[in-house]
Amino acid sequence: MPYNHKKIEAKWQKYWKQKKLFTAKDSVNGKKNYYHLTMFLYPSGNAHIGHWYNFAGADVFARFKMMEGYNVMSPTGFDAFGLPAENAAIQHGVPPEKWTLSNIKTMTKQLESMGNIYDWSRVIITCLPEYYKWNQWIFLQMYKKGLAYRKKVAANWCPSCKTVLANEQAEGGKCNRCGSSVEQKEVTQWLLKITAYADRLLEDLETLDWPERTKSMQKNWIGRSEGAELEFPIEDSELKITVFTTRADTLSGVTYLVLAPEHPLLKILDARIRNKNSVRDYIEGSKHKTELDRMTNVKEKTGVELQGIKVINPFNKKIIPVWMSDYVLGGYGTGAVMAVPAHDDRDFEFAKKFELPIIQVISENGKTNKLETAYLEDGVMVNSGELDNLPNNIAKDRIIESIGAKKKVNYKFRDWLISRQRYWGAPIPMIYCKECGTVPVPERDLPVVLPKIKDYLPDGLGRSPLAKSEKFLKVRCPECGAMAERETDTMDTFVDSSWYYLRYVDPKNKKVFADSNKIKDWLPVKMYVGGPEHAVMHLLYARFFTKFLYDEGYLDFKEPFLSLRHQGMIIGPDGQKMSKSRGNVIDPDALVEKFGADSMRVYLCFMAEYSQGGTWDPTGILGAYRFLNRVCDLFSKLDLGKKIKTENGFNSKEHKDLNRILHKTIKKVGEDIVDFKFNTAISSLMILLNETEKRRGLLNKNMADIFLKIIVPFAPHLAEELWQKIGNKKSVHLESWPEFNKHLIEDEEIELLIQVNGKLRDKVMIHRGASQGETEKLVLARERVKEFVGTGKPKKIIFVQDRLINIVL
RNA sequence: GCCCAGGUGGCGAAACUGGCAGACGUACACGCUUCAGGUGCGUGCGACCGCAAGGUCAUGCGGGUUCAACUCCCGCCCUGGGCACCA
């Protein structure tokens with residue numbers, strides 16, 4: 001039988017659909033629920049090979065769980081709000097909704113062609129009011145608790161387009177629409193107080209089965225540091241400059257302070273600054289740098305001294321100068337740092353460049369030495385008066401105590417800015433009334449529906465295009481009834497994806513975001529699969545939402561995703577990241593047409609370790625296609641006559657060997673799938689096929705069944721076809737994962753490696769469990785070993801049972 | 001700059017807990033099969049020396065620990081991901 005993948009795949013996809021094999025029922029007798037989730041996708045237009053790679057591996061795992069006996073739910077959906085739809089609207093005049101929904105239609109078709117076990121009855125589309133109503137509802141709950149608030153924040157601003165820009169749109173300080181210089185402008189924005197959850201987000205990481213690298217990125221992102229706030233009085237003034245430092249021990253080594261250009265004291269001090277013009281120029285200049293530019297180009301440090309301003313070191317009362325530089329960020333700590341060039345790299349460079357004094361206060365040996373670079377290690381105090389010779393970490397607390405500073409915990413991460421001056425997002429449900437101030441939209445009035453508009457360009461005042469819709473903007477105040485205005489900002493799309501996993505358990509509910517019983521049935525998510533690019537933001541935001549809803553009593557768990565795995569990225573054949581602009585995007589449809597979904601799945605699983613990803617090799621799929629062809633061929637020519645049916649037990653060594661290989665493969669494939677090592681699972685299936693082909697006649701019905709069952713997760717269509725072809729009536733997906741026989745897989749004889757002086761010189765077959773004495777005797781008697789050992793006595797013999805012996809001369 | 005990964009044959013890769021480096025697959029070469037081939041089957045395939053047996057070298061670079069290092073430690077180089085308004 002030739003391998004007709006097109007016919008086979010269409011046939012079984014239809015069959016699975018008809019039998020509703022993958023529609024997840026809320027509960028099934030005798031089965032535990034298993035919620036398996038793959039990050040939903042952005043409807044950009046076409047599914048690309050990266051989606052396939054991601055979803056194929058995830059589906060292998062989900063199918064395996066199903067065969068392990070779980071009631072698996074594996075939903076999918078679309079993260080449908082976002083900038084590209086709006087850009088398409090501006091450039092091509094297509095309404096974002098139309099663009100998005102039509103992309104969803106195309107991509108749904110493409111996804112269906114994969115044959116994954118998605119439950120299509122639970123699809124979520126975040127741009128529909130029935131979904132984003134609950135965004136707004138959660139926002140209101142946060143507002144009630146004081147976790148949603150408004151604040152003035154610096155944003156990238158294009159003075160010509162009159163709009164706020166994303167960092168991506170402001171690369172190199174130029175607006176990517178019109179090329180004008182981007183400025184930093186203060187804008188009032190909505191934020192969510194994620195920092196209130198900092199410690200819990202940090203602590204609960206310990207409870208999760210997540211990649212260590214992801215946990216560590218989250219830890220670093222949160223950036224908890226324990227330190228102290230120290231006050232430096234300004235000379236001849238009542239004012240003080242407060243700095244945050246984790247290195248209070250280095251206080252006597254402070255030779256200047258540095259303020260961020262946006263530090264509020266600068267305005268107040270302006271009158272006293274002698275070099276006003278250079279200071280103002282510097283501040284003006286820094287407004288044209290994006291935050292990323294400021295962080296990236298720190299090699300060439302810039303700065304200007306605030307002449308006329310001096311501060312007093314609270315510890316040794318020394319008078320020191322104050323500088324301003326953009327390597328200090330306004331948003332972190334207090335926006336001011338104490339500079340200790342002797343013990344901080346950045347301060348060291350800055351001091352060298354501007355010829356500021358460098359005073360060493362910690363040293364390895366109690367002596368001062370000429371420093372070539374900053375000394376960052378611990379040591380004992382020097383140049384610090386009565387503290388000299390104390391270990392620096394003890395001195396730290398003494399200093400904090402003696403100047404009466406308060407200890408403080410600082411976090412690097414900031415509250416989450418969710419305001420977007422864009423059209424294509426969920427409206428923030430707030431109303432501004434002249435009389436009553438900021439009034440939340442009453443819950444009964446939700447959703448605040450995004451109006452259909454015609455002009456998607458910003459309104460020229462920096463507001464979202466929604467401000468142009470009078471019908472949307474003007475509204476009666478829910479409290480006093482007077483005419484008021486709606487908030488025109490929409491929400492960051494990360495809000496949509498911060499709770500979508502909750503909605504899948506009850507996607508059509510109109511009364512609550514999800515029924516509490518269904519939440520109990522399914523949640524939290526057992527396995528979550530998605531890209532490492534989400535290691536920080538999405539995953540942190542989702543954890544924050546879960547913790548908030550837990551606190552509010554809606555959930556009985558504190559973490560949304562118990563296990564997490566990342567897929568790697570597929571790079572284009574030219575070694576570049578795939579993107580439309582580079583023109584190196586691979587169209588999966590053509591490959592599916594030619595080789596079939598199963599070949600695609602097998603190849604994508606085989607090409608690299610799942611978490612690693614790799615370069616797309618257009619010819620690589622041939623290997624997978626050949627493999628499936630050979631499987632197809634093997635089973636078509638299988639002799640299902642009397643001989644095989646009546647055979648029980650094994651009638652030859654060959655037969656026993658084949659069975660051992662089969663059982664080893666069951667073990668290996670199962671373990672590899674659990675570890676997301678799909679590449680080596682496929683490789684062991686290929687070995688099994690090679691070995692079986694050598695012993696064609698020996699595959700009986702029982703062995704053939706097992707063979708097909710362990711291929712199911714990778715090539716489900718072909719496995720189903722062959723399964724029913726060899727006489728099975730029900731779907732192979734209803735079968736359970738075969739068990740391997742522990743005793744059967746142990747080889748009786750072991751190949752022992754013989755090394756002389758650590759170099760491999762010989763090998764010998766020996767029975768399992770042979771003792772050291774027995775082995776030595778056997779090995780030392782071998783001609784080849786004698787050649788190397790000669791007449792000398794071995795100095796030492798290293799013996800690792802069942803593995804190797806190393807004779808050291 | 002900061003945080004996180006990774007670097008192994010022509011190519012994709014594998015290697016358990018420190019124990020045969022290169023499984024499996026591709027490409028290539030040769031042979032058989034075929035009217036034909038992006039067919040099927042077989043053999044070979046890290047580099048160097050050698051007719052061979054075998055030997056030496058080899059996992060980004062430089063050092064170290066060890067009987068033994070792709071694996072552990074120290075220093076460096078390169079590539080990729082993230083850095084808060086792309087999702």
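Just so it is clear, the structure is predicted and the values come from calculations on it, not from any experiment. Residue numbers start from 1 in every chain, and the chains themselves are labelled A, B, ... in the order their sequence lines are given, proteins ahead of strands.
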Step-by-step side chain to side chain donor-acceptor pair (under 3.5 Å) determination, Asn103(A) to Tyr42(A): CA-CA 9 Å; Asn103(A) 285 349; Tyr42(A) 181 75; over 6 Å; no
Derivation of the side chain to side chain donor-acceptor pair (under 3.5 Å) call for Asp415(A) and Tyr149(A): CA-CA 10 Å; Asp415(A) 279 337; Tyr149(A) 67 98; 2.6 Å; yes
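As judged by a 4.0 angstrom heavy-atom cut-off over every strand, Met569(A) is placed among residues touching the sugar-phosphate backbone only. In this structure, Lys677(A) reaches neither bases nor backbone, as no heavy-atom distance under 4.0 Å exists between it and the strands shown. At a threshold of 4.0 angstrom between heavy atoms, the contacts of Met217(A) include nucleobase atoms, whether or not backbone atoms are also involved. Here Gln421(A) lies in heavy-atom contact (under 4.0 Å) with a base. Within 4.0 Å (heavy atoms only), Val536(A) reaches no atom of the nucleic acid at all. Among the atoms of the strands shown, none is found under 4.0 Å from any heavy atom of Lys215(A). Within the 4.0 angstrom heavy-atom criterion, base atoms lie near Phe413(A). Within 4.0 Å (heavy atoms only), Gly620(A) reaches no atom of the nucleic acid at all. Residue contacts shown for Trp416(A) are absent, as no nucleic acid heavy atom lies under 4.0 Å away. Counting any heavy atom pair closer than 4.0 Å across all strands shown, Glu212(A) reaches no nucleic acid atom. Among the atoms of the strands shown, base atoms are found under 4.0 Å from some heavy atom of Phe595(A). Contacts of Ile798(A) with the nucleic acid, taken as non-hydrogen atoms under 4.0 Å apart, include base atoms. Within the 4.0 angstrom heavy-atom criterion, no nucleotide atom of any strand lies near Phe627(A). Backbone-only engagement by Leu83(A) is indicated by non-hydrogen atom pairs under 4.0 Å involving sugar-phosphate atoms exclusively.
Contact between the side-chain N/O atoms of Arg420(A) and the OP1/OP2 oxygens of C86(B) is not found at any separation under 4.0 Å. Phosphate proximity of C41(B) to Arg630(A): present, with a side-chain N or O under 4.0 Å from OP1 or OP2. Residue Lys759(A) places at least one side-chain N or O closer than 4.0 Å to OP1 or OP2 of C57(B). Close to U39(B), at under 4.0 Å from its OP1 or OP2, lies a side-chain N or O of Arg626(A). Residue Thr680(A) places none of its side-chain N or O atoms closer than 4.0 Å to OP1 or OP2 of A14(B). Contact between the side-chain N/O atoms of Arg761(A) and the OP1/OP2 oxygens of G55(B) is found at a separation under 4.0 Å. In this structure, Asn679(A) reaches the A14(B) phosphate: one of its side-chain N or O atoms is under 4.0 Å from OP1 or OP2. Arg803(A) has no side-chain polar atom (N or O) that falls below the 4.0 Å cut-off from OP1 or OP2 of C16(B).
Residue Phe81(A) forms a ring pair (Phe, Tyr, Trp, His ring centres under 6.0 Å) with just one option from Phe494(A), Tyr423(A), Tyr500(A), Trp424(A), and that option is Trp424(A). When Arg422(A), Arg420(A), Gln421(A), Arg463(A) are each tested for a side-chain hydrogen bond (donor to acceptor under 3.5 Å, both in side chains) with Asp489(A), only one passes: Gln421(A).
Note: CG (Asn757(A)) to P (G55(B)) measures 14 Å, nearest angstrom.
By the 30° and 60° cut-offs, the orientation of the rings of His534(A) relative to His538(A) is perpendicular. Between Phe676(A) and Phe678(A), the angle of the ring planes lies from 30° to 60°, which puts this pair in the tilted group.
Taking a 6.0 Å sphere around NZ of Lys215(A), one finds it holds more than 12 heavy atoms contributed by other residues, nucleotides or ligands.
Taking both residues in full, the closest heavy atoms of Val536(A) and Gln218(A) are given as O-NE2, 3.7 Å, listed atom of the first, atom of the second, then distance.
Judged by distance alone, with hydrogens and angles left aside, Lys795(A) brings no side-chain donor or acceptor close enough to the base of C67(B) to form a pair under 3.5 Å.
Stem analysis of RNA chain B (at least three stacked-register Watson-Crick or G-U pairs, each with both distances under 3.5 Å) gives B:1-7 with B:77-83, B:10-12 with B:24-26, B:28-32 with B:40-44, B:46-49 with B:54-57, B:60-64 with B:72-76.
G7(B): glycosidic angle beyond 90° from 0, hence anti.
In terms of position along RNA chain B, the nucleotide closest to Gly613(A) lies nearer the 5' end than the nucleotide closest to the other residue of the pair Gly613(A) and Met686(A). Checking Glu609(A) against Asn806(A), the closest nucleotide of RNA chain B that is more toward the 5' end is the one next to Glu609(A).
The pair Lys694(A)-Glu691(A) counts as a salt bridge, with a side-chain nitrogen and a carboxylate oxygen less than 4.0 angstrom apart.
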